Amino acid sequence: MEQTILHIDMDAFYAAIEQLDNPSLKGKPVIVGGGMRGVVSTASYEARVFGIHSAMPIFEARRLCRHGVFLPVRMKRYRAVSKQIMAFLTTVSPVVEVLSIDEAYLDITGTARLLGDPIALARKIKGWILQETRLTCSIGIAPNKFLAKIASDWKKPDGLTIIREDEVDGFLRELPVAKLPGVGKRALKILEGLGITRTGQLRQLPEGILVKKFGKFGRRLADLSRGIDHSPVISESQPKSISSENTMDEDTDDPAILRRYILAQAENVGRRLRKHSLRGRTITLKLKYSNFRLITRSRTIEAPTNSTRVIADTAADLLENEIRVSKVRLIGVGISHFEKSIEQLTLFERSTRQDQRQTRLDSVLDKVTKRFGEDVLKRGG
Ligand code: TTP
Ligand code: MG
């Protein structure tokens, strides 16, 4: 299946924050860096005009731009802004890989249908980041991580670039090989020796030669030159599912007892979802019979939910549809297929009064549970 990956990268991150915190620096060449190593961390786009870039010795930057504003690194402040942005991104898609302080990958393949057009989504992300942080970013959209990163870098600052399957060759043809991930000074030298500076040229080279020169990395280079990258977006330690189950004191086939278990378990699952600001779409009922036969039944609902009531009702429905062959020994309720998006916020706003009442009830119960423990308050069945 074709994937849709977003790469989000903040523009001149440290320098932009300095300009934000001191508006008199806006429009000026700002160079952030120094410290022990005495190199430039980053420079504002106004400073880049003078040829200043990351990792350049500060003294050289001073020589290139005498009237530049040179500032020390304020890591704590940048980290706080970074956290705010990354936390937001995890609400857009559950599959977020934070790559560095100012960049992240989002896999929106699974959610594309729900989140709509990737370009519209990227615009929304840019809008949110600008509104909440007053900073701009650049976003790349592509069928894999490598191309998404190339795309975000294509038009900076404040860029939005999509690379479609049939545009891959065009983007890569003139791309300097130095831009390929993993190509450092050494690889660059070898490639130069072969007369190769552009990715298009690299592609012409037989893979055998690349493998001979670079070993395993040669195969990777051959892939990259064709726009192939199978590496997955690895999300942060986030649960893939949340569930709750109990073994009965005594095996039973009494529907009323089973439903009571379901309600308590849905309560538990719903509370944990809400605590993590998650909503799920697939609700699963698990049953283990007296004969130890284990079955699971799942249903995927249209709108992601964190509502105890919706989870309980769906699980109860699954129970009702299940022809039980013997008494039940264990019962459990789970939810997976997490999604939370800006789209869903509007969905939420549009939701009926009944839902809102239910949501309020859920949040009140969460608070009470937190303060007094689980057994104090139980809603009516
Ligand atoms: P980058 O995203 O590479 O650079 P940037 O955000 O400043 O500019 P661009 O618009 O081109 O994305 O890096 C993010 C931050 O990481 C950058 O603001 C400062 C820090 N950094 C260093 O400290 N040293 C370095 O060599 C690089 C490349 C970045
Ligand atoms: Mg950046």
Side-chain angles (χ1 to χ4, degrees), residues 5-22 25-62 64-65 68-89 96-106 122 125-126 128-130 132-142 145-161 163 171 175-176 178-188:
I5 310 293
L6 263 57
H7 182 255
I8 294 128
D9 190 318
M10 301 302 296
D11 301 321
F13 192 50
Y14 297 2
I17 293 175
E18 295 303 337
Q19 289 176 324
L20 179 74
D21 291 353
N22 181 354
L25 299 179
K26 286 215 170 96
K28 290 188 182 152
V30 172
I31 299 97
V32 180
M36 298 281 277
R37 288 173 54 227
V39 296
V40 174
S41 295
T42 196
S44 68
Y45 278 78
E46 295 85 354
R48 293 185 196 192
V49 176
F50 298 92
I52 298 171
H53 57 78
S54 296
M56 168 185 277
I58 289 279
F59 73 84
E60 198 181 332
R62 281 192 194 277
L64 289 171
C65 183
V69 182
F70 289 79
L71 297 171
V73 174
R74 287 190 301 145
M75 218 49 219
K76 226 170 118 184
R77 170 79 176 119
Y78 312 146
R79 231 179 260 131
V81 179
S82 174
K83 261 196 185 154
Q84 188 189 358
I85 295 162
M86 301 309 170
F88 162 69
L89 292 179
V96 179
E97 182 175 341
V98 177
L99 207 64
S100 77
I101 191 161
D102 85 324
E103 58 182 321
Y105 289 112
L106 250 69
I125 292 172
K126 283 168 70 82
W128 186 94
I129 290 177
L130 183 65
E132 295 298 316
T133 68
R134 311 310 307 165
L135 297 168
T136 62
C137 67
S138 299
I139 300 186
I141 309 168
K145 281 167 80 171
F146 157 57
L147 292 171
K149 193 164 161 119
I150 298 293
S152 74
D153 200 39
W154 204 258
K155 226 186 101 219
K156 252 185 170 294
D158 203 13
L160 173 51
T161 305
I163 302 182
F171 271 94
L175 187 78
K179 293 258 181 190
L180 299 176
V183 174
K185 274 188 192 134
R186 236 177 35 148
L188 209 56

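Everything numeric in this text was worked out from a predicted model, so none of it was measured. The figures here come from the full heavy-atom set of this structure, side chains too, leaving out hydrogens, waters and symmetry mates. Remember, it's 1-based here, ligands and their atoms both numbered in the order they're listed.
Residue pairs meeting the side-chain hydrogen bond (donor to acceptor under 3.5 Å, both in side chains) criterion with at least one partner in residues 32-42, sequence neighbours excluded, are Thr42-Arg48.
When side chains are defined from C-beta on, Leu135 counts as touching Phe13, because their heavy atoms get closer than 4.5 Å. Using a 4.5 Å heavy-atom threshold, the side chains of Leu71 and Leu25 count as touching. Residues Tyr14 and Arg74 form no side-chain contact, since every pair of their non-hydrogen atoms from C-beta on lies 4.5 Å or further apart.
For atom 4 (O) of ligand 1, the closest heavy atom belonging to the protein is Thr42 OG1, 4.2 Å. Considering only non-hydrogen protein atoms, atom 22 (C) of ligand 1 sits nearest to Ser41 O, 3.4 Å.
Of the candidates Leu99, Asp158, Asp102, it is Asp102 that places a heavy atom closest to atom 14 (C) of ligand 1. Residue nearest to atom 10 (O) of ligand 1, selected from Tyr14, Phe13, Tyr45: Tyr45 (by heavy-atom distance).
Less than 4.0 angstrom separates some heavy atom of Ser54 from each of these atoms of ligand 1: 25 (C), 26 (O), 27 (C), 28 (C).
Counting non-hydrogen atoms of neighbouring residues, nucleotides and ligands closer than 6.0 angstrom, the NZ atom of Lys83 reaches no more than 12 such neighbours.
Residue-to-ligand polar distances keep Val40 apart from ligand 1: every N/O pair is separated by 3.5 Å or more. The N/O atoms of Ala15, backbone and side chain alike, include none that comes under 3.5 Å of an N/O atom in ligand 1.
Per residue Asp9, closest N, O or S atom to the Mg ion (ligand 2): atom name OD1. The N, O or S atom of Asp102 lying closest to the Mg ion (ligand 2) is OD2.
The Mg ion (ligand 2) does not have Glu103 among its coordinating residues (no N/O/S atom, backbone or side chain, under 2.8 Å). Taking 2.8 Å as the criterion, Met10 counts as a coordinating residue of the Mg ion (ligand 2), since one of its N, O or S atoms falls below it. Among the backbone and side-chain atoms of Asp11, none of the N, O or S atoms lies under 2.8 Å from the Mg ion (ligand 2).
Within the 4.0 Å heavy-atom criterion, the part of Arg48 lying near ligand 1 is the side chain and not the backbone. At a 4.0 Å heavy-atom cut-off, ligand 1 does not touch Tyr78 at all.
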Kindly determine whether Ser138 and Asp11 satisfy side-chain hydrogen bond (donor to acceptor under 3.5 Å, both in side chains), including the steps that lead there. CA-CA 7 Å; Ser138 299; Asp11 301 321; 2.8 Å; yes

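The heavy-atom pair separating Gly51 from Met56 by the smallest distance is O-CE, 3.2 Å.
Ligand 1 is never approached by Glu103 to a heavy-atom distance shorter than 4.0 Å. Contact annotation: Ala12 has at least one heavy atom less than 4.0 Å from an atom of ligand 1.
A donor-acceptor pair under 3.5 Å is absent between the side-chain atoms of Ser82 and the main chain of Tyr78, judged by distance alone. Using modelled atom types, one side-chain atom of Gln19 and one backbone atom of Lys28 make a donor-acceptor pair closer than 3.5 Å.
Checking each of Met10, Met86, Lys149 against Glu103 for a side chain to side chain contact (heavy atoms under 4.5 Å, CB included) leaves exactly one that passes, namely Lys149.
In this structure, Asp158 pairs ionically with Lys126, as a charged nitrogen and a carboxylate oxygen lie closer than 4.0 Å.
Distances from atom 26 (O) of ligand 1 to the protein include at least one heavy-atom value under 4.0 Å.
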